[in-house]
Amino acid sequence: MTALLPVALAFAIGVGGALQVAMLGALERQRAPLEAAWISGAGTVLALALILGVRGLRGDGPDLPAPLDRPWPFLLVAAPLAMSLIASARGVPPHLLLSGLLGGMFITGAAFLAPRIGVALLFSAFTAGTLSGGLVLDHIGAFGASAERATVMRLLGLLIVFVGVLIVRSR
């Protein structure tokens, strides 16, 4: 399946990846690299646990072996993880905690899209989205980072990546 919609979704997830990295940079300036990674990773696992737990409560249990086919293991994991995340992120601007959600979108998007468009097209679209988002975020100096202008050469590099996506897509 090489329809435009899955490729556009992969591109959008790539943009989210650039946003996540920018947020991690802001988290690192408030904590340290490993602590920033912990906060983002905990947010990712918490979001996945809550989604699977709520789905299970609604009668759409996870397609996993017992006991993980029920909501309670995920909700049991979510509770202490949420407390840990709240304690870890004390003093951090709340919007930076969304970096974990972006990580969850990347993982879920990869699991959903790879069988539909292939790994090469998936990663080329992710890369195009990440580079596009990164160029914009650099240009505006997002989340307190120093601004890096979008030069002609940087835009040419982006164009080359887009051409690469088209080449990969043309099987």
Side-chain angles (χ1 to χ4, degrees), residues 1-28 36-64 74 78 85 92-171:
M1 174 187 209
T2 58
L4 186 58
L5 186 59
V7 175
L9 182 57
F11 177 87
I13 292 169
V15 172
L19 186 58
Q20 181 186 28
V21 170
M23 292 171 133
L24 282 167
L27 277 170
E28 187 275 336
W38 162 256
I39 290 169
S40 184
T44 298
V45 175
L46 176 62
L48 293 172
L50 287 173
I51 290 167
L52 290 169
V54 169
R55 266 185 47 196
L57 289 173
R58 292 185 3 204
D60 184 20
D63 188 16
L64 294 169
F74 298 99
L85 184 59
V92 170
H95 67 275
L96 295 180
L97 301 181
L98 296 175
S99 70
L101 292 177
L102 295 167
M105 287 188 340
F106 180 89
I107 294 166
T108 305
F112 176 76
L113 292 169
R116 287 164 176 77
I117 64 174
V119 175
L121 183 54
L122 173 73
F123 273 96
S124 65
F126 274 171
T127 302
T130 303
L131 185 54
S132 297
L135 280 173
V136 170
L137 293 166
D138 278 354
H139 187 75
I140 64 173
F143 301 103
S146 60
E148 296 285 333
R149 307 303 270 155
T151 64
V152 170
M153 292 305 288
R154 294 178 109 204
L155 293 170
L156 180 60
L158 178 61
L159 178 63
I160 291 169
V161 171
F162 275 106
V163 169
V165 173
L166 293 174
I167 292 169
V168 170
R169 188 171 183 259
S170 69
R171 300 181 193 206

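Worth saying up front: this structure is predicted, and the values here are computed from it rather than measured. When reading the values below, keep in mind they use all heavy atoms of this one structure, side chains included, and skip hydrogens, waters and symmetry mates.
- For Ala114 against Leu122, the heavy-atom pair with the smallest separation is CB-CD2, 3.9 Å.
- For residues 46-63, the pairs satisfying side-chain hydrogen bond (donor to acceptor under 3.5 Å, both in side chains) are Arg55-Asp60, with sequence neighbours left out.
- The distance from atom OG1 of Thr44 to atom CE of Met105, rounded to the nearest 0.5 Å, is 10.5 Å.
- The two residues Leu27 and Ser99 come nearest to each other via the heavy atoms CD1-OG, 3.9 Å.
- Minimum heavy-atom separation, Met23 to His95: CE-O, 3.1 Å.
- Of all heavy-atom pairs between Val165 and Ala125, the closest is CG2-N, 4.0 Å.
- With sequence neighbours excluded, the residues satisfying side-chain contact (heavy atoms from CB on, under 4.5 Å) with Ala26 are Arg29, Leu96, Phe143.
- By the 4.5 Å heavy-atom criterion applied to side chains, His139 and Glu148 are not counted as neighbours.
- Using a distance-only test at 3.5 Å, with no hydrogens or angles considered, a donor-acceptor pair links the side chain of Ser170 to the main chain of Ile167.
- Taking 4.5 Å as the limit, some side-chain heavy atom of Ser40 sits within range of a side-chain heavy atom of Gln20.
- For the pair Val161 and Ala128, the tightest heavy-atom approach, listed with the atom from each and the gap, is CG1-CA, 3.7 Å.
- Interatomic distance, Ile107 CD1 to Leu102 CG, rounded to the nearest 0.5 Å: 11.5 Å.
- Scored by the side-chain contact (heavy atoms from CB on, under 4.5 Å) test, Leu64 finds Pro62, Leu68, Phe74 as partners (sequence neighbours excluded).
- The shortest non-hydrogen separation linking Leu155 to Leu135 is CD2-CD1, 4.4 Å.
- Listed by chain and number, the residues in a ring-ring contact (aromatic ring centres under 6.0 Å, His included) with Phe162 are Phe11 (sequence neighbours excluded).
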- prompt: Stepwise, does the side chain to side chain contact (heavy atoms under 4.5 Å, CB included) test hold for Thr130 with Val15?
  reply: CA-CA 5 Å; Thr130 303; Val15 172; over 6 Å; no

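- Partners of Phe106 by side-chain contact (heavy atoms from CB on, under 4.5 Å), not counting sequence neighbours, listed by chain and number: Ile13, Phe123, Phe126.
- Every residue meeting the side-chain contact (heavy atoms from CB on, under 4.5 Å) condition with Ile160, not counting sequence neighbours, appears here in chain and number order: Leu156.
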